There are 2 protein chains.
Amino acid sequence: MTAERPDAVEPNTGLLLFYPYRALESRVLTALAEAGFEITLAQARLLQRVADDGSRLTDLAAQAQVTKQTAGELVDQLQRRRYVERVPDPSDGRARLIRLAARGREAAALAAPVVATVEAEWATHLGPESMTALRAALTRLREITDPWA
Amino acid sequence: MTAERPDAVEPNTGLLLFYPYRALESRVLTALAEAGFEITLAQARLLQRVADDGSRLTDLAAQAQVTKQTAGELVDQLQRRRYVERVPDPSDGRARLIRLAARGREAAALAAPVVATVEAEWATHLGPESMTALRAALTRLREITDPWA
DNA sequence: CGAGGATCGTCAGGGATCCTGACGGAATCT
DNA sequence: AGATTCCGTCAGGATCCCTGACGATCCTCG
C-alpha cells in the first residue's frame, strides 16, 4: 500500500490498464481509417479475434464478451464490407466458420506494424526490462482474468 | 503452453491489458448490481471519474472519451437515479458541477473494497514485487497514453 | 466599455451497439 | 429413439454515442 496523497489519488489498477489499452486501440483505428478501412470499434474488437483458420460465431461472441446476436450483427456488417466471409464448418453441420477475407487480411497487415510501433514507443518510455516485465505480468494475469484462456 | 494451437501467437499488449481491465470492471459491476445498485457500464465509466469536489460535464466527457452530448445524457440518467447531483459552478456561470449524491457515495463505498479484493487476488497470483512493478509500469505508461494526465 | 471569439451545456435527430426472449436445425447423450 | 445441448438467426426494444446547431456566459483586446 502506498501512502494516500490527498492531491494525487492513485487511480485503481483497472483505470491504469485502460489508458494504454484505449490509446493503442485509437492509434490502430485511426491508422486504418486513414488508409480507407472504415472499421468501428465494435467491429474491430470482433475482427481482431478471428482466428487464421476460422472462428465460430459463438466463440467470437464469448471472447468479445457480447451476445451471439450482437456478434452476428457485427459479422454481418464485416461481411457486407468484405472483411470476413462465412464458410460451412466441416466438423459441425450447425456451425459456420468466420474467416478473414482478402480485405480483412489487408487491414490486419496494416494494423500489425502500427501495433508494433506503439509497443516500441512504450518500450522506449519504460525501458526494455520494464516493458518485458509488464508483458510477463499481464500474461500471467490473463490466467485468472481471461475466462476464455 | 501447449502446442495444440499453432495460431496461438502472443496477443498484442493491448489485448493483454484488456483482459484484467474487463475482469475488474465486471466484478465491480456485478457486486454493485447484487447490492441493488443498477449501474450500466457506460454510466459507471462516467461515475468513477466524478471528482470529490465536483466535475464539469466537459471534463467528464473528455476523460471518458465521449462527446459532451453523450456525457450529458449519462449524467441525466445518473441524476434521475440519485447517484449524482448538479450544482451551479460558483466560478463560471455557464458551467455546472456534477457531484456525487448520497446514493453515489454509497455505491462508491461499496465498490472500493471490491476493487481492493480483486487487486489483492492479482497480487497473490503475481507475487507482491511483480504486482508493484506492474503498477509502476502502468503509471509511467499513463504519462504517454492518457491525454488527460 | 464593447465587439469578437472561445467555452459550457443543451436540444434535435439519427445511426450503431447490445440486450432478452424465442426458435428451427443439428449434434450428442442416454 | 427421445431428451438434451449447442449453433446461429429472427424479432423487438433499450442503451449508447454521434454530428450539427444553438443560447448563454466568459474572456480578450482594441
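In what follows, every chain begins at residue 1, and chains take the letters A, B, ... in the order their sequences are listed. This one's a predicted model, so the numbers in the text were calculated from it and none came from an experiment.
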**Prompt:** Which whole-number value in Å describes the distance from L46(B) CG to dC16(D) P?
**Reply:** 11 Å
**Asked** Does Q43(A) reach the main-chain N or O of T40(A) with its side chain, forming a donor-acceptor pair under 3.5 Å?
**Response** yes
**Request:** Identify, with sequence neighbours excluded, every residue that meets side chain to side chain donor-acceptor pair (under 3.5 Å) alongside R86(B).
**Result:** D76(B), Q79(B)
**Fill in**
Applying side chain to side chain donor-acceptor pair (under 3.5 Å) to T70(A) and not counting sequence neighbours gives T67(A)
**Request:** Could I get the full list of side chain to side chain donor-acceptor pair (under 3.5 Å) partners for E73(A), not counting sequence neighbours?
**Result:** Q77(A)
**Request:** Can you sort out which residues in residues 17-34 of chain B have a heavy atom within less than 4.0 Å of DNA chain D? Ascending by number, please.
**Result:** none
**Divergence of helical axes at both termini of the helix from dC1(C)-dG30(D) to dT30(C)-dA1(D) - five pairs an end, 10° steps** = 40°
**Request:** Summarise how protein sits on nucleotides 22-30 of chain C as a single string, 5' to 3': B when a protein heavy atom is under 4.0 Å from the base, S for sugar-phosphate-only contact, - for no contact.
**Result:** B--BBS---
**Any pair counted as salt bridge (Lys or Arg N to Asp or Glu O under 4.0 Å), so long as it reaches residues 102-113 of chain B, sequence neighbours left out** = none
**Prompt:** Which distance, rounded to the nearest 0.5 Å, do you find between the CG of L100(B) and the CG of D53(B)?
**Reply:** 10.5 Å
**Prompt:** Does anything in residues 78-90 of chain A reach DNA chain C, meaning a heavy atom under 4.0 Å, and if so which residues?
**Reply:** none
**Prompt:** Does D92(A) have any side chain to side chain donor-acceptor pair (under 3.5 Å) partners at least two apart in sequence or in another chain, and if so, which?
**Reply:** R94(A)
**Request:** Would you mind reading off the distance between L60(B) atom CG and dC16(D) atom C1', rounded to a whole angstrom?
**Result:** 17 Å
**Request:** Let me know the distance between CG of L41(B) and P of dC16(D), rounded to the nearest Å.
**Result:** 8 Å
**Complete:** For residues 27-43 of chain B, the salt bridge (Lys or Arg N to Asp or Glu O under 4.0 Å) pairs (sequence neighbours left out) are R27(B)-E121(B)
**Request:** Could you list all the salt bridge (Lys or Arg N to Asp or Glu O under 4.0 Å) pairs where at least one residue sits in residues 11-25 of chain B, not counting sequence neighbours?
**Result:** E25(B)-R45(B)
**Message:** Both L57(B) and T40(A) contact DNA chain C. Which one's nearest nucleotide lies toward the 5' end?
**Reply:** L57(B)
**Item:** Residues L141(A), W122(B); criterion side chain to side chain contact (heavy atoms under 4.5 Å, CB included); working and verdict
**Value:** CA-CA 7 Å; L141(A) 215 44; W122(B) 292 358; 3.6 Å; yes
**Prompt:** To the nearest Å, how far apart are E38(B) CD and dT20(C) P?
**Reply:** 12 Å
**Request:** Tell me whether the OP1 or OP2 atom of dT9(D) has a side-chain N or O from R96(A) closer than 4.0 Å.
**Result:** yes
**Prompt:** When you measure from the side chain of R140(A) to the backbone N and O of H125(B), does any donor-acceptor pair fall under 3.5 Å?
**Reply:** yes
**Prompt:** Can a donor-acceptor pair be found between the side chains of R135(B) and T13(A) at a distance below 3.5 Å?
**Reply:** yes
**Request:** Measure the distance from CG on D59(A) to C1' on dC7(D) and round it to the nearest whole Å.
**Result:** 10 Å
**Request:** Could you check how far CD of Q43(B) sits from P of dA14(D), rounded to whole Å?
**Result:** 15 Å
**Asked** Under the side chain to side chain contact (heavy atoms under 4.5 Å, CB included) test, which residues partner N12(B), sequence neighbours left out?
**Response** L24(A), Q48(A), V115(A), E119(A), L15(B)
**Whichever of T58(B) and E73(A) has its nearest DNA chain C nucleotide further upstream toward 5'** = T58(B)
**Request:** Give, for atom CZ of F18(A) and atom CG of D146(B), the distance between the pair rounded to the nearest 0.5 Å.
**Result:** 10.0 Å
**Request:** Mind calculating the distance between CG (L74(A)) and P (dG15(C)) to the nearest angstrom?
**Result:** 18 Å
**Item:** dC19(C) phosphate, OP1 or OP2, under 4.0 Å from T67(A) side-chain N/O
**Value:** yes
